[in-house]
Amino acid sequence: MKKLLLLTLTLITTALFSSCLVVHADVNVEPDYDITCYNNTSVPITDWCVKRNDHCTYANSDYNCAIYAGERDTIEDLPGGSYQIFFTFRQRYKLHEWDYDETGHFDLDEDVTFYVAQRSIYSNRSAGSSAQGEDAKEFVLICSNGKTYPLTPFEK
């Protein structure tokens with residue numbers, strides 16, 4: 001009987017202390033950031049995405065991610081690094097890479113919000129023309145940190 005009691009106490013003690021085993025893993029977790037885009041124009045954005053270091057492309061869907069006038073969209077959990085944003089306003093069934101406009105590179109080290117804005121550019125016509133000026137549209141991105149990024153046609 002003594003042996004049975006000793007064996008039972010040993011098993012209970014072993015079970016209690018084995019559950020207290022703590023393994024501490026020294027893991028460096030890199031923070032993730034979000035890019036939010038507001039469409040402050042009257043034109044719907046047909047699709048948008050971000051590209052990290054000219055290699056990895058991030059988007060919310062494999063299909064077009066539209067942002068309608070006055071709406072916003074967010075791409076979440078992006079690792080830090082150098083990024084570009086790509087937009088298209090073209091209404092096509094199948095989009096190609098040359099349909100997109102791009103920003104310059106920027107460093108992502110915090111959550112940022114971009115506002116797509118539309119600017120009008122006025123230029124004088126030639127002296128032979130009867131019209132006083134010509135109105136052209138240009139799209140720019142205004143970042144929450146105050147920087148402005150013009151959208152330029154995509155270059156391969």
Shortest non-hydrogen contact between [X] and [Y], atoms and distance:
X: L141; Y: V116; result: CD1-CG2, 3.6 Å
X: T41; Y: N39; result: OG1-OD1, 2.5 Å
X: T46; Y: R90; result: OG1-O, 2.8 Å

| request: Enter the distance from L151:CG to E138:CD here, rounded to the nearest 0.5 Å. | output: 8.5 Å
| message | I'd like to know if the side chain of D34 reaches the main chain of D77, judged simply by a donor and an acceptor atom lying under 3.5 Å from each other, with no hydrogens or angles considered. | response | yes
| query | Do any N or O atoms from the side chain of N53 and from the backbone of H55 form a donor-acceptor pair under 3.5 angstrom? | reply | no
So if you build clusters from Ile, Leu, Val, Met, Phe, Trp, Tyr with side-chain heavy-atom gaps below 4.5 Å, do [X] and [Y] land together?
X: I35; Y: F139; result: yes
X: Y149; Y: F89; result: yes
X: F106; Y: Y33; result: yes
X: Y100; Y: V140; result: no

| message | If you count heavy atoms of other groups shown closer than 6.0 angstrom to CZ of R72, is the number above 12? | response | no
| task | Applying ring-ring contact (aromatic ring centres under 6.0 Å, His included), name anything that partners H96, two or more places apart in sequence or on another chain. | result | W98
| Who pairs with Y38 by ring-ring contact (aromatic ring centres under 6.0 Å, His included), at least two apart in sequence or on another chain? | Y115
| request: Check the pair W48, V50 against side-chain contact (heavy atoms from CB on, under 4.5 Å), reporting the backbone distance first and the verdict last. | output: CA-CA 7 Å; W48 79 292; V50 296; 4.2 Å; yes
| query | With T74, which residues qualify under side chain to side chain donor-acceptor pair (under 3.5 Å), at least two apart? | reply | T36
| request: Verify whether the ring centers belonging to F87 and F114 lie closer than 6.0 Å. | output: no
| Under the side-chain contact (heavy atoms from CB on, under 4.5 Å) criterion, do I45 and T88 qualify, and how do the steps go? | CA-CA 6 Å; I45 296 169; T88 185; 5.9 Å; no
| field | Verdict with reasoning, D73 to C37, per side-chain contact (heavy atoms from CB on, under 4.5 Å) | value | CA-CA 5 Å; D73 192 19; C37 181; 5.5 Å; no
Pair up each side-chain donor or acceptor in residues 79-86 with any protein partner under 3.5 Å, not counting sequence neighbours, and list the distances.
| residue | atom | partner | partner atom | Å |
| --- | --- | --- | --- | --- |
| S82 | OG | H105 | ND1 | 3.4 |
| Y83 | OH | P79 | O | 2.5 |
| Q84 | NE2 | E102 | OE1 | 2.6 |
| Q84 | NE2 | T103 | O | 2.8 |

| task | Could you tell me whether the side chain of I75 reaches within less than 4.5 Å of the side chain of N60, counting heavy atoms only? | result | yes
Please output the side-chain donor-acceptor pairs of residues 61-71 that fall under 3.5 Å, not counting sequence neighbours, one pair per line with the distance.
| residue | atom | partner | partner atom | Å |
| --- | --- | --- | --- | --- |
| S61 | OG | Y63 | N | 2.9 |

| message | Taking salt bridge (Lys or Arg N to Asp or Glu O under 4.0 Å) as the definition, give me every residue that meets it alongside D99, ordered by chain and number, with sequence neighbours left out. | response | R92
